[in-house]
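A short worksheet on the structure shown next.
What you see below is based on every heavy atom in this structure, not just the backbone, and it leaves out hydrogens, waters and symmetry mates. All of these numbers come straight from a predicted model, not from anything done at the bench.
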Amino acid sequence: MLRLPDFPWDTLADAKALASAHPGGLVDLSVGSPVDPTPKLLQRALREATDAHGYPTNWGTPEARRAIVEWFARVRGVPGLTDESVLVTVGSKELVAGLPQQLGLGPGDAVVHPAVAYPTYDIGARMAGATPVPADDPGAWPESTRLVWLNSPSNPTGAVLGVDALRRVVRAARERGVVVASDECYALLPWEVDEAPSILDPRVTDGDLSGLIAVYSLSKQSNLAGYRAAFIAGDAAVVQRVLAVRKHLGLMAPSPVQHALAVALGDASHVDEQRERYRARRALLLPALRERGFAVESEAGLYLWATDGTDALAQVDALARLGILVAPGTFYGDATHVRVALTASDDDIAEAAARLRG
């Protein structure tokens with residue numbers, strides 16, 4: 001029988017109760033769920049496609065696939081993708097959890113993921129019967145490695161892998177015939193770097209996408225988390241191999257969502273507006289944490305990776321006494337940090353900053 005660990009956020013019940021008892025109420029900064037409205041442009045797109053009487057495609061509609069190809073060329077600097085190189089997914093988390101199995105991995109195979117990482121990379125390996133291996137250095141990859149996960153910008157640390165770092169991973173993977181999957185869903189939220197390059201960038205690949213896929217989600221930049229709008233792109237052979245399995249599993253994004261995805265990828269203005277909302281929230285919360293004595297890392301993305309030097313669970317409790325709920329680094333493989341989300345309303349972020357300053 002497959003045994004999986006408890007879902008991490010379920011273990012925050014006591015800290016949540018403590019934070020909720022604060023006279024000013026709970027400010028929940030523990031999860032990354034968007035709080036801002038889905039842009040009206042995308043709400044209209046969803047309404048336009050409500051007559052979805054037939055089954056959607058597993059692969060993605062021609063409209064959605066074309067939008068993904070064009071978006072990668074225009075926004076991510078990745079030209080030359082084709083229909084066969086892209087695939088619409090039902091959000092990105094199901095893809096992360098299912099990719100090892102969909103690639104045919106199992107007992108005896110290793111799936112490498114970042115040493116500090118969102119737990120689904122580990123869970124996906126276990127679901128396939130493979131062995132999860134936390135490792136950032138290709139020199140630490142076991143001989144049995146068949147899949148390597150990257151996450152840049154990182155959830156939870158906000159760290160970004162530059163072109164040189166990505167090239168080293170690609171070179172090591174190709175020497176060993178390993179597939180590299182790069183989770184890049186925070187790429188358009190850079191704060192302290194100029195860019196978060198894609199694993200598919202020609203500066204990384206020299207024009208050869210063999211063995212490489214990028215995973216992307218519109219949950220954060222387009223506030224479409226409730227609609228599960230995401231996609232992968234890269235090596236057509238890998239994408240089509242995954243698609244063949246997904247057809248059997250019936251994994252298909254609803255037709256209205258695929259239409260909204262295409263519309264979202266064609267519009268930069270709503271992404272820019274949302275980025276500025278997060279920039280303003282970050283500008284309030286980051287200095288308040290530092291004034292409270294936290295060292296904070298955050299090159300990009302929606303989280304502040306913070307520590308006051310004590311145990312992560314002790315930090316969670318201390319912040320809960322201020323009515324602020326955060327996630328302990330133990331969820332991600334680090335016992336000394338906490339993850340503080342920027343996905344809260346302007347009022348809640350301002351309230352959290354005020355409480356931190358005392």
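Asp201 contributes atom CG, which lies 10.5 Å from atom CG of Leu209 (distance to the nearest 0.5 angstrom). A distance of 8.0 Å separates CG of Leu161 from CD1 of Ile199, quoted to the nearest 0.5 Å. Rounding to the nearest 0.5 Å gives a distance of 11.5 Å between OG of Ser30 and CG of Leu319.
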_Under the criterion side-chain contact (heavy atoms from CB on, under 4.5 Å), I'd like the reasoning laid out for Val316 against Leu12: C-alpha separation, chi angles, the key distance, then a yes or no._
CA-CA 9 Å; Val316 169; Leu12 279 179; 4.3 Å; yes
Validation: residues 95-103 side-chain donor-acceptor distances under 3.5 Å, sequence neighbours left out:
{"unit_1": "Gln102", "atom_1": "OE1", "unit_2": "Arg246", "atom_2": "NH1", "d": "3.4"}

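Counting heavy atoms from C-beta outward, Leu304 and Arg282 have side chains that approach closer than 4.5 Å. Two residues are said to be in side-chain contact when any heavy atoms from C-beta on lie closer than 4.5 Å; Glu63 and Gln258 fail this criterion. Between Glu299 and Trp191, every side-chain heavy-atom pair lies at or beyond the 4.5 Å cut-off.
Looking at Arg275 and Asp272, a side-chain N of the basic residue comes within less than 4.0 Å of a carboxylate O on the acidic one, giving a salt bridge. Between Asp346 and Arg277 there is no salt bridge, since no side-chain nitrogen of the basic residue lies less than 4.0 Å from a carboxylate oxygen of the acidic one. At a threshold of 4.0 Å, the pair Glu48-Arg44 does not count as salt-bridged, since none of the basic side-chain nitrogens sits closer than that to a carboxylate oxygen. The pair Glu276-Arg279 meets the salt-bridge criterion, since a charged nitrogen lies less than 4.0 angstrom from a carboxylate oxygen. Between Arg228 and Glu94 there is no salt bridge, since no side-chain N of the basic residue sits under 4.0 Å from a carboxylate O of the acidic one.
Heavy-atom contacts from other residues, nucleotides or ligands closer than 6.0 Å to CG of Asp194 number 12 or fewer. More than 12 heavy atoms of other residues, nucleotides or ligands lie within 6.0 Å of CG in Asp137, so this atom counts as buried by the packing criterion.
When atom types are taken as modelled, the side chain of Trp71 and the backbone of Gly266 share no donor-acceptor pair closer than 3.5 angstrom.
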